[in-house]
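Heads up: numbering here begins at 1 and tracks the sequence. Please read all numbers here as calculations on a predicted model, not as lab measurements. Note: hydrogens, waters and symmetry copies are ignored here, and every other heavy atom, side chains too, is used.
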Amino acid sequence: MTAQRRTGLLLIVISAIAFGWMPIFGVWALGEDGAGGVNTQGLLLIRFSVAALVMAAVMLLRRVPWPRGRVLLGLMAMGGLGYVGQAFCYFSALQYGSAALAALLLYVYPVLVTLVCAWWLKEKLSRRTIVALVLASVSLLLTIGPAGGQALGVMFGLLAALIYSGYILLGSRLTPIAGALPAATVVMISAAASLWLTTLWHSPSWPVSANSWLACLAIALVSTVVAIFAFLAGLDYLSASEASTLSTLEPVVSVLLAALILGEHLSFWQWIGGGGILLCAIMIATNKVIPSE
């Protein structure tokens, strides 16, 4: 295994862990029965606004050149349309179905990304990658557990997966050109700008307690700055299909943290599913890359 490939694998795992913390931080931010005072729009505004400020400051301090032309426009679309659209659809799915259903449908995206890479981008997939993809999908069913919901929730959940698939595929093309730091910065600034625009139609609610504010800041710094930067940086070294499949570690992290920190019960099949995704990650990490023609 090359040093670059090890770096890519490590970055995607770090991203998955950072993203995996987000539902825990979200529970702390919202508080029991909404005691935190913040609503979804307010939380997302804090998340992307703080992240945008941090990343922009790093860009200025390091004097990194900003992307230009079509690359800049593509990255703005990733943040302003892709990330915001995915978040809107995901939280809409939560309104019309269970959290398990929303999470399960969102994680259809590794399948979509891999299929697009194979059919449209002509990316060669080894048998091990295909087996890992199937294993990850089945393991997610077991890890997330039984899910129920309405047709509208299913529609929003699948749309979230579709939008996120496009985000990853576009990111895999633009990030190597722009660089991980500029790409992540533009994505966050664009997402924040789009969310602030939505305040013209809907007013956000802000945290009312110190604990809620700290949790919101943790989402911004850990589950946004670290998570998005690490994922985009990982796309410099891995293919989009490998990165998206390996990132299925995220719900495993969330489930384990919910059990350890929030005291949520894990069933036998959830433990089996989590083990399956860990096995999937090992299969991808030790897989040999098939060069494209």
**Residue pair Leu181, Arg62: steps toward the side chain to side chain contact (heavy atoms under 4.5 Å, CB included) verdict** = CA-CA 10 Å; Leu181 178 59; Arg62 297 186 60 180; 4.0 Å; yes
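- Other residues, nucleotides and ligands contribute only 12 or fewer heavy atoms inside 6.0 Å of the CE atom of Met76.
- The shortest non-hydrogen separation linking Pro207 to Trp213 is O-NE1, 3.3 Å.
- Side-chain contact between Thr2 and Thr7: absent, with no pair of heavy atoms (C-beta onward) separated by less than 4.5 Å.
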**Request:** Step by step, work out the side chain to side chain contact (heavy atoms under 4.5 Å, CB included) result for Arg47 and Met22.
**Result:** CA-CA 11 Å; Arg47 176 190 182 190; Met22 187 156 59; 3.7 Å; yes
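- The 12-atom threshold is not exceeded at CZ of Phe88, counting heavy atoms of other residues, nucleotides or ligands nearer than 6.0 Å.
- Checking side-chain atoms of Ser165 against main-chain N and O of Ala161 turns up a donor-acceptor pair under 3.5 Å.
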**Prompt:** Trp206 and Ile46: side chain to side chain contact (heavy atoms under 4.5 Å, CB included), yes or no, with the steps?
**Reply:** CA-CA 9 Å; Trp206 305 108; Ile46 295 171; 3.7 Å; yes
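- In terms of modelled atom types and a separation under 3.5 Å, the side chain of Ser223 and the main chain of Ala18 share a donor-acceptor contact.
- Under the 3.5 Å distance criterion, the side-chain polar atoms of Ser209 are matched with a main-chain donor or acceptor of Ser212.
- Taken from CZ in Arg68 to CG in Leu73, the straight-line distance is 13.5 Å, to the nearest 0.5 Å.
- You'll find the side chain of Met59 reaches within 4.5 Å of the side chain of Trp66, heavy atoms only.
- Pairing each heavy atom of Pro176 with each of Asp236, the nearest pair is CA-OD1, 3.3 Å.
- In this structure, Ile228 is not a member of the same hydrophobic cluster as Leu10, with clusters built from ILVMFWY side-chain heavy atoms closer than 4.5 Å.
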**Request:** Would you please test Tyr83 and Phe48 for ring-ring contact (aromatic ring centres under 6.0 Å, His included) and show each step?
**Result:** CA-CA 10 Å; Tyr83 227 100; Phe48 286 108; 5.5 Å; yes
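- In this structure, the side chains of Ser190 and Leu75 stay at 4.5 Å or more apart for every pair of heavy atoms.
- Here the CZ atom belonging to Phe231 is positioned 10.0 Å from the CD atom belonging to Glu250, to the nearest 0.5 angstrom.
- Hydrophobic clustering keeps Leu249 apart from Ile14 (ILVMFWY residues linked when any side-chain heavy atoms are closer than 4.5 Å, directly or through intermediates).
- Without hydrogens or angle criteria, Asn39 side chain to Ser205 main chain gives a donor-acceptor distance under 3.5 Å.
- By the criterion of side-chain heavy atoms lying less than 4.5 angstrom apart, applied directly or through intervening Ile, Leu, Val, Met, Phe, Trp or Tyr residues, Val187 is grouped together with Phe19 in one hydrophobic cluster.
- Leu43 and Val208 fall into different hydrophobic clusters, defined by Ile, Leu, Val, Met, Phe, Trp and Tyr side-chain heavy atoms under 4.5 Å apart, directly or through other members.
- The CD1 atom of Ile163 sits 11.0 Å away from atom CG of Leu158, with the distance rounded to the nearest 0.5 Å.
- Checking Thr198 against Gln41 by side-chain atom types alone, a donor-acceptor pair falls below 3.5 Å.
- In terms of heavy-atom proximity, Gly276 sits nearest to Leu135 at O-CD2, 3.5 Å.
- A distance of 6.5 Å separates CE of Met188 from OG1 of Thr185, quoted to the nearest 0.5 Å.
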**Request:** I would like to know whether Tyr237 and Leu11 meet side chain to side chain contact (heavy atoms under 4.5 Å, CB included); could you show each step before the answer?
**Result:** CA-CA 9 Å; Tyr237 306 103; Leu11 286 168; 3.9 Å; yes
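- Side-chain N or O atoms of Ser172 include one that pairs as donor or acceptor with a backbone N or O of Leu169 at under 3.5 Å.
- Under a hydrophobic-cluster definition in which Ile, Leu, Val, Met, Phe, Trp and Tyr are linked whenever side-chain heavy atoms come within less than 4.5 Å, directly or via other members, Leu217 and Leu53 are assigned to different clusters.
- One finds the OH atom of Tyr164 at 14.0 Å from the CG atom of Leu162 (value rounded to the nearest 0.5 Å).
- Residues Val50 and Leu221 come closest through the heavy atom pair CG1-CD2, 4.1 Å.
- Judged by distance alone, the side chain of Ser194 and the main-chain N or O of Gly80 form a donor-acceptor pair under 3.5 Å.
- Side chain of Thr175 to main chain of Gly171: a donor-acceptor pair is present (N/O by atom type, distance under 3.5 Å, no hydrogens or angles).
- Taking each heavy atom of Ile12 and Ser247 in turn, the nearest pair found is CG2-N, 4.1 Å.
- The distance from atom CG of Leu170 to atom CG of Leu235, rounded to the nearest 0.5 Å, is 10.5 Å.
- Side-chain atoms of Val186 and Leu72, non-hydrogen and from C-beta on, do get closer than 4.5 Å to each other.
- Between the side chains of Trp196 and Ser49, at least one donor N or O lies within less than 3.5 Å of an accepting N or O.
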